[in-house]
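I have placed the structure first, in the form of structure tokens, so that the comments after it can refer back to it.
No experiment lies behind these values; they were computed from the predicted model shown. Throughout, protein chains are lettered first and strands after them, A, B, ... in sequence-line order, and every chain is numbered starting at 1.
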Amino acid sequence: MALTREQLAQRVSKEFKDGYYINLGIGIPTLAANYVPEDMQVVLQSENGILGMGPFPLDEEVDADIINAGKQTVTLIKGASIFSSSDSFAMIRGGHVDLTILGAFEVDCQGNIASYMIPGKLIKGMGGAMDLVSGADNIIVTMTHASKDGVSKLLKECTLPLTGKGCIKRVLTDLALLDIEDGRFVLRERAPGVSVDEIVKLTAGDLEVPKEVPEMIFET
Amino acid sequence: MALTREQLAQRVSKEFKDGYYINLGIGIPTLAANYVPEDMQVVLQSENGILGMGPFPLDEEVDADIINAGKQTVTLIKGASIFSSSDSFAMIRGGHVDLTILGAFEVDCQGNIASYMIPGKLIKGMGGAMDLVSGADNIIVTMTHASKDGVSKLLKECTLPLTGKGCIKRVLTDLALLDIEDGRFVLRERAPGVSVDEIVKLTAGDLEVPKEVPEMIFET
Amino acid sequence: MSGFNKVINSYEEAMNGLVDGMTIISGGFGLCGIPEHLIKEIKRKGTKELTIASNNCGTDEHGLGLLLSDHQIKKVIASYVGENALFETQMMNGEIEVDLTPQGTLAEKMRAGGAGIPAFYTPTGYGTPVGEGKEVREFNGRKYILEEALQGDFSIAKAWKGDRHGNLIFRRTARNFNPMAITAGKISVVEVEEIVEVGDLDPDQIHLPGIYVDRLIKGTFEKNIEQRTIRSS
Amino acid sequence: MSGFNKVINSYEEAMNGLVDGMTIISGGFGLCGIPEHLIKEIKRKGTKELTIASNNCGTDEHGLGLLLSDHQIKKVIASYVGENALFETQMMNGEIEVDLTPQGTLAEKMRAGGAGIPAFYTPTGYGTPVGEGKEVREFNGRKYILEEALQGDFSIAKAWKGDRHGNLIFRRTARNFNPMAITAGKISVVEVEEIVEVGDLDPDQIHLPGIYVDRLIKGTFEKNIEQRTIRSS
């Protein structure tokens, strides 16, 4: 079974470490904030100028001046700080954020990522994604492994305009966790009940399959 | 008679305009702050991070955390702001300061200035002077016209390492006020009792002498 | 003694001097911290052929999006153009030229424009459409592209509190692009929620010194929210 | 849950990991806002062959000047070397290599080092000894030189107040180079006058977010004054 959104978020959260400053993209990455283990503290960076982003506000707490990069109303945790966009991207580009998690349309086995436009169809803009992928050493892409029609999004070479070149080392899809090493995907874990064959079939880029590919384990 | 330090400062202050943000170098430029006309307000920038520098403190006001670029204890005026060195030089380099006044060892009729070292003799460093001369449009150099031995400091070409190239347009010496235009000095005013001939003799760089060269007037 | 009084009293005066074809640098992120009334005044004036540098272009109903319906904008320099149907249409039709610029690069280009830095190298966008036609250079084994500074004829911005000298404090994430935008305009116009007495702001706590501000005006703000997200207890 | 507790309790721990030949970026301007005890700890450790980037090199008795008497410094990157006789002597004798760097360029090089900008163009120093051997490029009819970013193995700095997470506030002109210096070091160590509770500092008023700070220590400062200038009433 392909991972649910919640399971994706849960698996991503296992990459968190105590003391990490983390930038979470819109969607599934944001959900991961709900799965921080109790004995661990992480601080969330929002590229519009927050270090120490908290959960959504209670109805009576809503403040139009406190939003995240997805323009959602949020709160600040104790110890939060606010800064300008240039200071925020100095922080990101300078490599001070420990972990970045973001979505994508396509990735390829060269570590390229495409996530910001589909020519002729969709032009939303890259927002902060290009800075995030070039500033971070430690990036996890979360995405669906293939389209509903079974067309792989893990390619030999991205077909869409790139967001970043050679910067992605780890991908979590609804089917598998993969590393990108030496120009190929390496299958590390598979979703519960998903066979290696199924993943091989839906991966268009070069793929190395180690002898052991453990299933992910989720507490219920 | 050559101008006194006070007269130099007084003449410099006539270049001030209401609403000017001004950076004053150490020495005579600093003295000019004493001659701001009463119906005029200027704000002083100190490149170590003050906009709105006030006079020296009273004995009981001295604060080791409030110094100017010359490391002298100073005060802050109402409406002052404090910023980092990178923000301070962003302000200077970005051309936001209206007037810069600083000293020099030599200037030449190409608008070059030398002010920070005498090879083999004196190496103090340029401090903020190089940024100040390249960031400002409006710079006045205050200096002595010649050495005690009568060697001109207003040259055809500077002999000392340059602080800035082609950036000086106005020079006030103890003998004269001169503009630099089209590769030559132009004599604009002379110190009271100093003859045009005397200035000509002590100016090594190309010098244009207009028909009328008024004497500076000082209120006593 | 009026040299440092930046306060003006009408929006007409605020945007005085703005003419067709000018470049405006605007603060704001989404609808957060945007100069609401300065944008409305530009709409009222009907100035055309504008180039706008701003992270987003507002929504159809609010912010810079208001300038789209009368076709006042020739070109937009922005990182994100979603959430604005009219904008997307005008872009797809080629009515508006769009220079998609990564968010961090845009912020740094504005900062550079105000700071006398004509250009800088950045890793952002190397090997992507953003890097096309730009110089690539290697430093310490990594590749970077050259990006040039951005300056405007006007900058428009929104702050929280300001004093007569133009010293500014921003509030929460309404800070965003506002400080850099202000530094990068030849004439900078700032709307604030409150004008305080000179000396009321702690010198250590001023976010942007008054030297960068040419005109200051007090406004009352709608502060529209794009995504009102809440949790239940 | 100790991930964000940056507070340490000894100066030995503060400079742990510093070894011969490393580069240190230091905050401070003259003797104002200098990390007094971190410098003394470096003297105590006797680490040698250091490269120091700092606006000044202190005086003979105070600040970074203390590292001169035991010949701990190999190279200094500074804008000003006056007011320090021993330094001038060692420099004249060729015992110390000095890279004289304009003050604004030095500040911007530190900022760039922390901000992932490998290099930038600046007008400062064009046509002077500072520009020698550096690329010259014209933008909009004016000439600029290329300056590269500065990074250190360590950065040492002084702030006023800090919380456990390393969020910092500086006081008056003791801010100077400190914020940028901190961002440019692989390991950044900061001395503060007071450690406050997390949450005590207003998020809008934090000068430097804790993400940049690795180690934080509380000190008691001498705050020597180089030029005590006063007026009489």
Does [X] reach the side chain of [Y], with side-chain heavy atoms less than 4.5 Å apart?
X         : Y         : answer
Thr124(D) : Met126(B) : no
Lys71(B)  : Leu31(D)  : no
Thr128(D) : Thr163(B) : no
Thr73(B)  : Gln227(D) : no
Arg93(B)  : Pro123(D) : yes

With chain B as the partner, which of [options] has the greatest number of non-hydrogen pairs under 4.5 Å?
options                                    : answer
Pro179(D), Pro102(D), Ala107(D), Ala174(D) : Pro102(D)
Val98(D), Asn84(D), Thr101(D), Asn55(D)    : Thr101(D)
Met110(D), His207(D), Arg172(D), Lys109(D) : Arg172(D)
Met91(D), Arg171(D), Met92(D)              : Arg171(D)

Tell me, for [X] versus chain D, whether the close heavy atoms (under 4.5 Å) come from the side chain, the backbone, both or neither.
X        : value
Leu76(B) : side chain
Ile67(B) : both
Ser88(B) : neither
Glu47(B) : both

Can you tell me which residue among Ser86(B), Ser85(B), Ser84(B) is in a side-chain contact (heavy atoms from CB on, under 4.5 Å) with Phe177(D)?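 Single side-chain contact (heavy atoms from CB on, under 4.5 Å) partner of Phe177(D) among Ser86(B), Ser85(B), Ser84(B): Ser85(B).
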Counting only heavy atoms not in [X], do more than 12 sit closer than 6.0 Å to its [atom1] atom?
X         : atom1 : result
Lys156(B) : NZ    : no
Lys143(D) : NZ    : no
Asn93(D)  : CG    : yes
Lys14(B)  : NZ    : yes
Glu181(B) : CD    : yes
Asp137(B) : CG    : no

What pair of heavy atoms forms the shortest contact from [X] to [Y], and how long is it?
X         : Y         : value
Ile230(D) : Phe56(B)  : C-CB, 3.7 Å
Pro57(B)  : Thr229(D) : CD-O, 3.2 Å
Tyr116(B) : Pro129(D) : OH-CG, 3.3 Å
Lys165(B) : Gly127(D) : CD-CA, 3.6 Å
Ser134(B) : Arg142(D) : O-NH2, 2.7 Å

Of the listed residues (Gly127(B), Gly125(B), Gly49(B)), which shares the most heavy-atom pairs with chain D below a 4.5 Å separation?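 Max contact count across the listed options: Gly127(B).
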Name the member of Gly164(B), Gly128(B), Gly135(B) that forms the most heavy-atom pairs with chain D at distances under 4.5 Å.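 Top count of heavy-atom pairs under 4.5 Å with chain D: Gly128(B).
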Distance from [X] atom [atom1] to [Y] atom [atom2], nearest 0.5 Å?
X         : Y         : atom1 : atom2 : result
Asn176(D) : Phe83(B)  : CG    : CZ    : 12.0 Å
Arg228(D) : Gln72(B)  : CZ    : CD    : 13.0 Å
Thr122(D) : Met130(B) : OG1   : CE    : 11.0 Å
Lys158(D) : Asp65(B)  : NZ    : CG    : 5.0 Å
Glu88(D)  : Lys124(B) : CD    : NZ    : 5.5 Å

Heavy-atom contact with chain B under 4.5 Å, split by part of [X]:
X         : result
Leu100(D) : both
Arg231(D) : both
Thr105(D) : both

Audit row: Phe89(B), Glu108(D), side-chain contact (heavy atoms from CB on, under 4.5 Å) steps and yes/no: CA-CA 8 Å; Phe89(B) 284 94; Glu108(D) 191 68 13; over 6 Å; no
Short N-O contact, Asp87(B) and Arg111(D), less than 4.0 angstrom: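 Salt bridge between Asp87(B) and Arg111(D), a charged N being under 4.0 Å from a carboxylate O: no.
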